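To keep things clear, I will list the structure first and then write my remarks on it.
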Number of protein chains: 2
Amino acid sequence: MSVVNTVKKSGNIRVKSQQKILIAASTEFVLQGFKGATVQSIADRADLPKANILYYFKNKENIYHAVLEHTLQMWDEGIGDISPEDGPKVAIKKFIDAKVRMSFKHPESSKIYAMEIIQGAQHLKDFARTYQRKWVREKAKLFQQWIDNGEMLNVDPVHLIFLIWSSTQHYADFETQILTIMNRADYEEEDVEEVIVFLTDIILRGCGLIK
Amino acid sequence: MSVVNTVKKSGNIRVKSQQKILIAASTEFVLQGFKGATVQSIADRADLPKANILYYFKNKENIYHAVLEHTLQMWDEGIGDISPEDGPKVAIKKFIDAKVRMSFKHPESSKIYAMEIIQGAQHLKDFARTYQRKWVREKAKLFQQWIDNGEMLNVDPVHLIFLIWSSTQHYADFETQILTIMNRADYEEEDVEEVIVFLTDIILRGCGLIK
DNA sequence: CAATTGACTGACCATGTGGTCAACATTAAA
DNA sequence: TTTAATGTTGACCACATGGTCAGTCAATTG
């Protein structure tokens, strides 16, 4: 009993501190990049002494790894599975819906991910080579079957996936630009639905799945 | 005459060195980010002594400014103007064509631009607030007129512009990911045309401009 | 109680980096 | 040839930053 309590207690403190650090680190990495984010700046943002940061994470690289891991988890959860039973229309609808919601809910994850890829994906090469490539091939095959069955127009499935990825993530990654152009301070609830409707509408029609 | 020659000659050396530096700097900034790119690494890549870099550009910040300026020029040139006479179909076609070609021709510019925006656009706020916002409003109005005239379906013009921006730039910014997924080493000539056909086809149909 | 363990931190240091500068080299002008 | 301007560079420095470490404190255990 006392053992359990002990473990749980220190575990909580540990987890809580680590979480606080990871959140602070995410923000710093987005704002300053990997090199630009200093351990001190992360510490300040997390309101902890620098040495405490290095107590929980051996070094800066390790913090970054942890942040990236969290990001990949987001990616994985937010992917919105495309299943054969749905048929192309519902499948694409679900896919866009999931991706847009994730973009608006976790913009920092999307941003960190984007920066990694832009800079050459040094830490994510394996992820793309194995997991992602497999996922894309699998889903592309599914789309191809629908096309062969005449259930949708003959559009390249792989490029279709890229199109959905890019157009949905855009609202997270280019948040600043979009808000500035629309002369707004922040996104609002309605924006999410509006974007979903817009993208779903235009892409479904583009695939010959409307009218 | 001799004056002209002198100016031209020293000008040439000056311009040539500066160009070499800017190219090297672009690569470094993409690969390492602003903080991560060191003056030394830029010097190495340009094959010049560090002090020579600082002779042509007062400091690192200045190099970055110059690179950004060049990037904006790219953006401006590659924008492919949307003119009223063309009508929606040709206008969108031209727009996509120009944007895709620029993405494949100057991926570094696109990448640097993207990283700036993602990190909060500290150096580009003004550009977006004035120039870009005006451009988008202007073009959106044009699309709206076409919509009101029944020349194209009622899709939100601003989001349409975002869609075209995001889907076209994606091939530059996420180059690494795309190539890895497609299991390829580099883009080839045909890719550009393929992407143009794909995006034009699906977006035009999405706007009710095909069939 | 004493002992052990884990959490935490100020002080410190080695290194890397941006930027300066004095000296030197090359070219153009007088 | 002399003078001046422009280009070029090695050597140097102040400073920020990642990371270590010795030691303190608090809680748990035997």
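Please read all numbers here as calculations on a predicted model, not as lab measurements. Chain identifiers are assigned alphabetically (A, B, ...) following the order of the sequence lines, protein sequences preceding nucleic acid strands; residue numbering begins at 1 within each chain.
- For B:N52 and C:dA23, the CG to P distance is 20 Å, given to the nearest whole Å.
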Where protein sits on nucleotides 13-22 of chain D, one letter per nucleotide: B base, S sugar-phosphate only, - none, heavy atoms under 4.0 Å: ----SBB---

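- Taking side-chain N and O atoms only, B:Y55 has no distance below 4.0 Å to OP1 or OP2 of D:dT8.
- Side-chain contact, B:H123 with B:E61: a donor N or O sits under 3.5 Å from an acceptor N or O.
- The CD1-C1' distance, from B:I53 to D:dT8, rounds to 12 Å in whole Å.
- The CD atom of B:E28 sits 11 Å away from the P atom of C:dT17 (whole-angstrom rounding).
- Checked by atom type, the side-chain pair A:Y131/A:D76 shows a donor-acceptor distance below 3.5 Å.
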Derivation of the side chain to side chain contact (heavy atoms under 4.5 Å, CB included) call for A:L163 and B:L199: CA-CA 8 Å; A:L163 172 63; B:L199 287 177; 3.9 Å; yes

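- Contact check on B:E193 versus B:R101 returns a salt bridge, with a Lys/Arg side-chain nitrogen under 4.0 Å from an Asp/Glu carboxylate oxygen.
- The distance from atom CZ of B:F57 to atom C1' of D:dG7 is 15 Å, rounded to the nearest whole Å.
- Put simply, CG on A:L48 is 15 Å from C1' on C:dG10, counting in whole angstrom units.
- The aromatic ring centroids of B:F127 and B:W75 lie less than 6.0 Å from each other.
- No side-chain donor from either of B:S26 and B:E108 sits under 3.5 Å from a side-chain acceptor of the other.
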